[in-house]
Asker: 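Take this structure, written in structure tokens, and hold onto it; I'll ask about it next.
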Amino acid sequence: MRNRRIIVLMIVVVLFVAVMGFSIGERKKLTWPENFIMDASGAVQQWFYKPAGYIAGFFEDLANLRGIYEENEELRKTAAAYARDKSKFNLMEEKIEQLQKALDFTKRQEKMNDYEYMIAHVIAVSNDPYNQTIRIDLGSKDGIKLNMVVVTTEGLVGLVNRVDPLYSNVMPLTELDEKSPDTKLIAATVLGHEKDAFGIIDGYNPETGMLSMSRISESYRPVKGDTIITSGLVNVFPQGMVIGTVESAQVGDFGLTYTATIKPAADFEHLTEVLVVKVPDIEELAQ
């Protein structure tokens with residue numbers, strides 16, 4: 001029995017050494033038991049690896065989604081801030097352009113006439129068809145008085161017909177009516193022909209949007225494109241205020257005078273800022 005055990009032990013040792021040598025030695029192919037074990041372990045690993053990969057990918061996608069959401073929120077805030085700043089910039093740019101036009105206009109006028117111009121903002125426009133008025137943010141505390149002329153950089157707007165401490169009302173040219181006792185007719189002439197052409201702006205046609213000029217002296221017949229300005233012959237309207245341009249002219253009553261249709265220079269539909277004209281008083285001129 002003892003010898004048999006020794007023999008079995010020696011065989012096991014020899015087999016173990018042979019297997020070790022066979023495993024450690026360089027081989028180009030695996031044995032079929034090794035292939036079976038590798039395939040079996042690969043299949044088991046695949047069963048565990050794929051679900052684990054899906055779970056890990058799911059949590060990674062959640063983290064990425066949160067990051068994308070936060071980035072989108074930042075982009076929304078940036079876009080909103082950009083839109084707000086762009087709107088402010090456009091408004092400021094438009095405001096600067098308007099003020100520059102007003103400044104250039106007043107500088108030109110100073111060279112022609114000794115008038116002072118006060119910038120006012122239009123805060124309301126009455127839609128009453130029988131009493132259309134324009135409300136501005138200057139009043140008696142700012143030196144505004146009744147019958148002061150109001151213009152834009154393009155042309156004549158109207159007259160101040162009511163003055164409050166902080167605000168004033170302006171009656172626009174569109175309310176001109178020769179038959180109305182409140183209407184102050186405008187003495188006008190043609191720019192470049194001030195000594196030859198005289199007439200009266202006496203009405204406004206709301207259907208055509210045109211002013212009418214009558215009693216034009218026969219010494220000059222206006223032609224289309226002529227610029228009509230105030231003549232200054234009436235104290236209320238100072239000289240040199242642009243009223244509009246001639247659209248057409250025709251012979252008036254009895255063939256002794258002319259009448260003309262005038263397109264207003266001021267845009268009454270989009271009034272935002274106006275200029276109130278302060279004409280020096282006789283006392284001021286004497287000083």
Side-chain angles (χ1 to χ4, degrees), residues 105 108-109 112-113 115 125-134 146-161 169-271 274-277 279:
F105 174 79
R108 290 197 307 270
Q109 293 299 318
M112 299 171 58
N113 302 290
Y115 301 154
V125 177
S126 171
N127 294 321
D128 185 352
Y130 300 103
N131 185 26
Q132 291 186 348
T133 56
I134 301 167
L146 285 174
N147 295 327
M148 276 188 167
V149 171
V150 178
V151 300
T152 64
T153 55
E154 285 76 28
L156 185 62
V157 173
L159 283 176
V160 174
N161 65 345
N169 286 359
V170 179
M171 184 186 74
L173 294 182
T174 54
E175 289 297 292
L176 271 178
D177 185 0
E178 188 176 16
K179 299 178 182 179
S180 173
D182 298 327
T183 296
K184 292 178 173 58
L185 303 182
I186 307 172
T189 185
V190 178
L191 181 64
H193 300 275
E194 290 86 346
K195 295 181 180 180
D196 303 322
F198 301 97
I200 299 294
I201 304 294
D202 56 9
Y204 174 80
N205 189 335
E207 294 181 359
T208 61
M210 298 291 176
L211 296 165
S212 60
M213 183 175 177
S214 63
R215 303 173 225 174
I216 304 173
S217 55
E218 60 179 342
S219 57
Y220 179 81
R221 178 173 181 168
V223 296
K224 184 174 181 179
D226 277 347
T227 299
I228 304 300
I229 62 174
T230 55
S231 66
L233 296 179
V234 179
N235 291 332
V236 174
F237 293 92
Q239 182 182 8
M241 303 290 106
V242 174
I243 300 171
T245 54
V246 174
E247 285 291 304
S248 63
Q250 48 278 329
V251 178
D253 296 337
F254 309 110
L256 299 177
T257 59
Y258 297 106
T259 61
T261 301
I262 312 299
K263 181 180 180 181
D267 184 2
F268 294 96
E269 298 295 328
H270 303 91
L271 290 176
V274 294
L275 300 165
V276 183
V277 183
V279 180

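Everything numeric in this text was worked out from a predicted model, so none of it was measured.
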Asker: Find the distance between CD1 (Ile201) and OG (Ser231) and round it off to the nearest 0.5 Å.
Answerer: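 Separation between the atoms: 10.0 Å.
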
Asker: Do Phe268 and Gln132 touch side chain to side chain, with heavy atoms closer than 4.5 Å?
Answerer: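 No, their side chains stay 4.5 Å or more apart.
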
Asker: Please check this pair: side chain of Tyr258 against backbone of Met213, looking for a donor-acceptor N/O pair closer than 3.5 Å.
Answerer: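 Looks like no, no N/O pair under 3.5 Å.
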
Asker: Using every non-hydrogen atom in the two residues, find where Glu154 and Val242 come nearest and quote the distance to one decimal.
Answerer: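 Nearest pair, atom of Glu154 first, then Val242: O-CG1, 3.9 Å.
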
Asker: By side chain to side chain contact (heavy atoms under 4.5 Å, CB included), which residues pair with Gln250, not counting sequence neighbours?
Answerer: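 Per chain and number, Gln250 pairs via side chain to side chain contact (heavy atoms under 4.5 Å, CB included) with Ser248, Thr259, Thr261.
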
Asker: Do Val277 and Val151 touch side chain to side chain, with heavy atoms closer than 4.5 Å?
Answerer: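 Yes, close enough: below the 4.5 Å cut-off.
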
Asker: Of Thr245, Val246, Ile262, which meets side-chain contact (heavy atoms from CB on, under 4.5 Å) against Asp226?
Answerer: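 Testing each of Thr245, Val246, Ile262 against Asp226, the sole residue satisfying side-chain contact (heavy atoms from CB on, under 4.5 Å) is Val246.
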
Asker: Only pairs under 3.5 Å count here: list side-chain donor-acceptor contacts from residues 186-198, not counting sequence neighbours, and write none if there are none.
Answerer:
| unit_1 | atom_1 | unit_2 | atom_2 | d |
| --- | --- | --- | --- | --- |
| Thr189 | OG1 | Ala197 | O | 2.4 |
| Glu194 | OE1 | Gly192 | N | 3.1 |
| Glu194 | OE2 | Gly192 | N | 3.2 |

Asker: With side chains defined as the heavy atoms from C-beta onward, is the minimum distance between Asp202 and Ser212 less than 4.5 Å?
Answerer: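 Yes, at least one pair of side-chain atoms sits under 4.5 Å.
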
Asker: Just verifying a value: how many Å separate Arg215 CZ and Thr257 OG1, rounded to the nearest 0.5 Å?
Answerer: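 Going from the CZ atom of Arg215 to the OG1 atom of Thr257 covers 9.0 Å.
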
Asker: Report the distance from atom OG1 of Thr133 to atom CG of Asn169, rounding to the nearest 0.5 Å.
Answerer: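 It comes to 4.5 Å.
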
Asker: My understanding is that only one of Met171, Met148, Glu175 makes a side-chain contact (heavy atoms from CB on, under 4.5 Å) with Asn161; could you say which?
Answerer: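 That would be Met171.
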
Asker: At what distance, to the nearest 0.5 angstrom, does CD of Glu269 lie from OG1 of Thr174?
Answerer: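 Answer rounded to 0.5 Å: 9.0 Å.
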
Asker: Please examine the side chains of Leu173 and Pro264, heavy atoms only from C-beta on, and report whether any two atoms are closer than 4.5 Å.
Answerer: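 No, every pair of side-chain atoms sits at 4.5 Å or beyond.
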
Asker: Less than 4.5 Å apart, any side-chain heavy atom of Val125 and any of Leu271?
Answerer: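 Answer no - side chains too far apart.
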
Asker: Quick one: which of Leu156, Leu159, Leu275, Val274 gives a side-chain contact (heavy atoms from CB on, under 4.5 Å) with Val150?
Answerer: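 Among Leu156, Leu159, Leu275, Val274, the one meeting side-chain contact (heavy atoms from CB on, under 4.5 Å) with Val150 is Val274.
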
Asker: Quick one: closest heavy-atom pair of Val170 and Gly158, and the distance?
Answerer: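 Distance-wise, the nearest heavy atoms are CG1-C, 4.1 Å.
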
Asker: List the atom of Tyr204, the atom of Gly209, and the distance in Å for their closest heavy-atom pair.
Answerer: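 What the structure gives for the nearest pair is OH-CA, 3.3 Å.
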
Asker: Of the non-hydrogen atoms in Ala266 and Gly155, which two are nearest, and what is the gap between them?
Answerer: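 Smallest interatomic distance, heavy atoms only, reads CB-O, 3.9 Å.
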
